[in-house]
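Read through the structure below, which is laid out as structure tokens, and then see the notes.
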Amino acid sequence: MAYRAGRHFLQIPGPSPVPDRISRAIDAAVIDHRGPDFADLGKSVLSGMQRIFKTKSPVVIYPSSGTGAWEACLANVLTAGDQVVFYETGQFATLWKQMADRLGIETEFLAGDWRHGVDANRIEERLRQDTAHAIKAVCCVHHETSCGITSDIASVRQAIDATGHPALLLVDSISGLGSVDYEHDGWGADVTVSGSQKGLMMPPGLGFNALSERAIEVAKRGGSKRSYWDWEEMLVSNATGYFPYTPATTLLYGLKEAIAMLEEEGLDNVFARHLRLAEACRQAVAAWGLEIVCQNPAEHSNVLTGIMMPDGHDADAVRRMILERFDMSLGTGLGKLKGRAFRIGHLGDFNELTLMGTLSGVEMGLGLAGVPHKAGGVEAAMQVLMR
Ligand SMILES: *Cc1c(COP(=O)(O)O)cnc(C)c1O
């Protein structure tokens, strides 16, 4: 492949670009994970992740993708034959449910249209019908990456509590954590699943489970047969800063730096930056006269913007054109949205001018690909940023 000058624009909604500070932190010697120095690193990232998840309960760190952390969550608190309700927000909710199906869990899907977030009233209604309390858990995706939709997780907890139903609340915030507010304890999640390569600005390779006391209790008494994913052994080792098996040491160096960066900026400022840049991106889409996938403004994503293609135009052809001409990767349409939508990632290590470069590439690509749109999206975003 010929050399391409300048930085590649990796504007997919995860993996997000890794800042140099994190890359440099990762580029360090591997140490003895049973030696005296390791405990400081272990304790630092474990307590740091509690602050990021906003929890006083333990966070478990796996050398895994987000998908592995999904399985860890299910395996620790559920077993084959258990009844579980999933809410269809998009492709990631679908994939998590399919995983549960494969594990023999009796899943039920509350159908959604991929353009709206979780409707807590429907969860409340379903739980009220379950007077025998057969449903063991409710599973929701906090930020649905396939569509760009943020769901109100606190409202789901309120719905569960309003019915007095004992179901656990299991949440995927793989792409929300570190970019938009997430409160594991405050919103009453029992397990929150996350991963390293989205809002945490890390390379792929770490998966997380934030736990609750109740989830730990349920796991002690039940769950599936499991070994690698088992929380119990992890928690015993983690108490002194160690891991039961070889951790991804160099990624933990990176994670320590990522936590430091998020805290130097301040989590609230990180979220405000994501909101501001997302708002500018949405103004650009409005000026182009194109449609955002998410139809409820209250649920618009500050992590990415999903854009519907006018009929007869292939989103992947536009993405290909933009990659070839401007060396920028945009997110493909997933599942039902394949070819019908593309996604602009605006998360992680991202600022005003990265947004402007990104939007310029998209506007030029729309023109070159012959997609009907109005000019002026880039200008509209600049107006927002100059406020
Ligand atoms: C990225 C993502 C996943 C999958 O994570 P992997 O690391 O690819 O296994 C799951 N859920 C959501 C919401 C995601 O954004």
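Just so you know, ligand 1 is whichever comes first in the structure, and atom 1 is the first atom listed for that ligand.
- Counting protein heavy atoms only, atom 8 (O) of ligand 1 is closest to Q197 NE2, 4.0 Å.
- Ligand 1 is never approached by E144 to a heavy-atom distance shorter than 4.0 Å.
- Listed by number with element, the atoms of ligand 1 under 4.0 Å from a non-hydrogen atom of T145 are 12 (C), 13 (C), 14 (C), 15 (O).
- Checked against a 3.5 angstrom limit, the closest N/O atoms of F92 and ligand 1 fall outside it.
- The closest donor-acceptor contact from the side chain of S301 to the backbone of G148 lies at 3.5 Å or more, if one exists at all.
- Relative to the ring axis of F109, K97 places its NZ or CZ within 45° and under 6.0 Å from the centre.
- Remark: side-chain polar atoms of Q11 are paired, donor with acceptor, to backbone N or O of G345 under 3.5 angstrom.
- With ligand atoms numbered from 1 in the order given, ligand 1 contributes 13 (C) to contacts under 4.0 Å with heavy atoms of H143.
- Side chain of T240 to backbone of S237: a donor-acceptor contact under 3.5 angstrom is found.
- Within ligand 1, counting atoms from 1 as listed, the ones closer than 4.0 Å to a heavy atom of W70 are 10 (C), 11 (N).
- The aromatic rings of F53 and H184 sit perpendicular, their planes meeting at an angle over 60°, well past the 30° parallel limit.
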List, one per line, each side-chain donor-acceptor pair under 3.5 Å for residues 366-387, sequence neighbours excluded.
{"unit_1": "H373", "atom_1": "ND1", "unit_2": "V371", "atom_2": "O", "d": "2.7"}
{"unit_1": "E379", "atom_1": "OE2", "unit_2": "Q383", "atom_2": "NE2", "d": "2.7"}

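- The contact set between ligand 1 and S65, taken as ligand atoms under 4.0 Å from a residue heavy atom, comprises 6 (P), 7 (O), 9 (O).
- Of all atoms in ligand 1, listed by their number and element, those nearer than 4.0 Å to a heavy atom of S175 are 13 (C), 15 (O).
- The nearest heavy-atom contact from the protein to atom 6 (P) of ligand 1 is G66 N, 3.4 Å.
- The protein atom (non-hydrogen) at minimum distance from atom 9 (O) of ligand 1 is T67 OG1, 2.5 Å.
- The aromatic rings of W70 and W96 lie parallel to each other, with less than 30° between the two planes, well short of the 60° mark.
- A side-chain donor-acceptor contact under 3.5 Å links R122 to the backbone of A111.
- Checked against a 3.5 angstrom limit, the closest N/O atoms of K198 and ligand 1 fall inside it.
- For atom 11 (N) of ligand 1, the nearest non-hydrogen atom of the protein is D172 OD2, 2.7 Å.
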